[in-house]
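Quick notes on the structure that follows.
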Amino acid sequence: MSPPVKSFACNNLQLAQYAIDCFHPEDEILSEIRTRAVQEKLPNIHVGSMDGLHLEILIRAISAKRVIEIGSLAGYSGVCIARALPSDGELHTFELHEKNARVCADSFTHAGVGAKVTIHQGQALEKLADVEHLAPFDAMFIDADKSNYPNYLTWAEKLLRVGGTLIADNTFAWGLVLQATFDTDSQRRDAEGVRTFNHQVAHSSKWRATMLPTGEGLTVAVKVSD
Ligand SMILES: C[S@@+](CC[C@H](N)C(=O)[O-])C[C@H]1O[C@@H](n2cnc3c(N)ncnc32)[C@H](O)[C@@H]1O
């Protein structure tokens with residue numbers, strides 16, 4: 001099972017444990033999702049437990065009602081987001097693989113948030129067209145398909161409300177953002193996607209953005225104008 005904190009607290013395990021003991025980011029329902037994912041042989045690439053809590057708090061802080069998530073996996077981050085929504089809130093989560101979509105549907109049901117969540121199965125960039133009529137959205141969490149991060153930014157620029165929040169995980173790209181050469185084309189595309197995304201959101205007059213230095217980098221941006 002993946003470590004629930006990843007490299008939170010600058011890799012200092014004692015500090016990470018202190019934060020977990022104090023803030024209790026992961027309850028039984030979230031822990032069961034990690035277990036379900038192992039049983040279903042899904043990859044251990046859920047957000048860390050503290051990142052899940054960051055998501056819940058950020059979504060609550062803006063009183064979001066309509067949220068988009070790119071990359072559902074087994075539903076860990078989706079449950080964190082859905083818990084932050086009011087009873088008439090909506091999370092639209094996008095997942096490429098049919099099996100993952102089935103597993104995360106189970107997770108949403110077990111967590112008691114199924115009524116707030118719609119799972120869209122397929123390539124997120126194509127399937128996003130299905131929800132455009134519901135815009136404006138209050139928040140978007142991007143956690144898949146690194147090479148397309150700039151295209152998700154373009155979508156968010158059009159379809160998030162002013163004051164809406166864009167959150168993107170893995171924005172250090174596991175260190176790839178610093179590299180000039182790559183072992184594989186896929187690494188190069190991921191690095192270029194994440195670097196372009198960070199640069200654009202940091203320099204656009206439409207966004208005010210920062211990066212939380214979590215283990216894997218969490219870019220957080222607020223849309224300040226249309
Ligand atoms: C890092 S995992 C998401 C983890 C999830 N957000 C969590 O923390 O619980 C990325 C997920 O996105 C899916 N994915 C990858 N490329 C995608 C795409 N182009 N469109 C939609 N989903 C995609 C993968 O199948 C995988 O389940």
Side-chain angles (χ1 to χ4, degrees), residues 1-8 25-27 29-59 67-84 91-111 113 117-131 139-156 166-174 176 186-187 189-190 193-194 197 212 214-220:
M1 206 176 295
S2 61
V5 278
K6 295 198 171 173
S7 43
F8 190 75
E26 187 166 292
D27 64 7
I29 284 170
L30 290 173
S31 168
E32 277 169 16
I33 295 175
R34 293 189 190 279
T35 307
R36 182 174 307 120
V38 171
Q39 286 163 351
E40 296 280 356
K41 300 190 171 25
L42 300 192
N44 294 325
I45 50 175
H46 328 264
V47 291
S49 62
M50 289 302 291
D51 290 335
L53 185 57
H54 297 330
L55 276 178
E56 181 187 332
I57 300 307
L58 288 168
I59 298 298
V67 180
I68 298 286
E69 176 183 59
I70 308 297
S72 325
L73 188 62
Y76 189 103
S77 55
V79 166
C80 296
I81 294 168
R83 282 176 166 174
L91 169 64
H92 292 271
T93 186
F94 292 78
E95 171 54 49
L96 185 58
H97 296 296
E98 196 178 337
K99 177 179 174 183
N100 301 5
R102 176 180 55 73
V103 175
C104 76
D106 283 349
S107 297
F108 295 134
T109 304
H110 283 289
V113 296
V117 184
T118 306
I119 303 162
H120 302 262
Q121 197 240 309
Q123 284 283 354
L125 209 49
E126 292 165 17
K127 302 288 289 178
L128 277 168
D130 296 348
V131 298
M140 182 172 189
F141 174 52
I142 312 173
D143 191 21
D145 196 15
K146 307 299 162 212
S147 61
N148 274 313
Y149 271 32
N151 292 322
Y152 296 122
L153 175 62
T154 302
W155 193 91
L166 178 63
I167 306 165
D169 199 13
N170 314 116
T171 47
F172 290 137
W174 308 280
L176 294 176
S186 153
Q187 278 190 350
R189 283 194 300 271
D190 286 355
V194 171
F197 169 86
L212 303 186
T214 59
E216 297 187 350
L218 194 70
T219 297
V220 179

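Whatever order the structure lists them in is the order used to number ligands and atoms, beginning at 1. What's counted below: heavy atoms across the whole structure, side chains too, no hydrogens, waters or symmetry copies.
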- Show your reasoning for whether side-chain contact (heavy atoms from CB on, under 4.5 Å) applies to M140 and I167. CA-CA 6 Å; M140 182 172 189; I167 306 165; over 6 Å; no

Distance filter under 4.0 Å to [X] heavy atoms, resulting ligand 1 atoms:
X    : value
Y76  : 9 (O)
Q123 : 18 (C), 19 (N), 20 (N)
H97  : 25 (O)
A144 : 10 (C), 12 (O), 14 (N), 15 (C), 23 (C)
D145 : 19 (N)

Please give me the minimum heavy-atom distance between [X] and [Y], naming the atom from each residue.
X    : Y    : result
A144 : Y149 : O-CE1, 3.2 Å
A74  : C104 : C-CB, 3.4 Å
P25  : M50  : CG-SD, 3.5 Å

- Heavy atom under 4.0 Å from ligand 1: found in F94's side chain, backbone, both, or neither? backbone

- Query: Counting only heavy atoms, which portion of S72 has something under 4.0 Å from ligand 1: side chain, backbone, both, or neither?
  - Reply: backbone

Below 4.5 Å, heavy atoms only, C-beta onward: do [X] and [Y] meet side chain to side chain?
X    : Y    : result
E26  : Y76  : yes
V79  : H110 : no
S49  : L30  : no
V220 : L212 : yes

- Decide whether an N or O pair under 3.5 Å exists between Y152 and ligand 1. no

- Polar contact flag for G75 and ligand 1 (N/O pairs, less than 3.5 Å): no

Where is the nearest protein heavy atom to [atom]: which residue, which atom, and how far?
atom                    : answer
atom 9 (O) of ligand 1  : S77 N, 3.0 Å
atom 26 (C) of ligand 1 : E95 OE1, 3.5 Å
atom 20 (N) of ligand 1 : A124 N, 3.0 Å
atom 8 (O) of ligand 1  : V47 N, 2.7 Å

Is the closest heavy-atom distance from [X] to ligand 1 below 4.0 Å?
X    : result
C104 : no
G122 : yes
E69  : yes

- Message: Please state which option from D169, L73, D143, I33 has its nearest heavy atom closest to atom 10 (C) of ligand 1.
- Response: D143

- Message: Given N100, L96, L125, V79, identify the one with the heavy atom nearest to atom 17 (C) of ligand 1.
- Response: L96

- Backbone of G217 reached by a side-chain donor or acceptor of T171 within 3.5 Å: yes

- Message: So if I apply the side chain to side chain contact (heavy atoms under 4.5 Å, CB included) rule between F197 and each of N151, N148, T219, which one comes out positive?
- Response: T219

- Aromatic plane relationship, H92 with H120 - under 30° parallel, 30 to 60° tilted, over 60° perpendicular: tilted

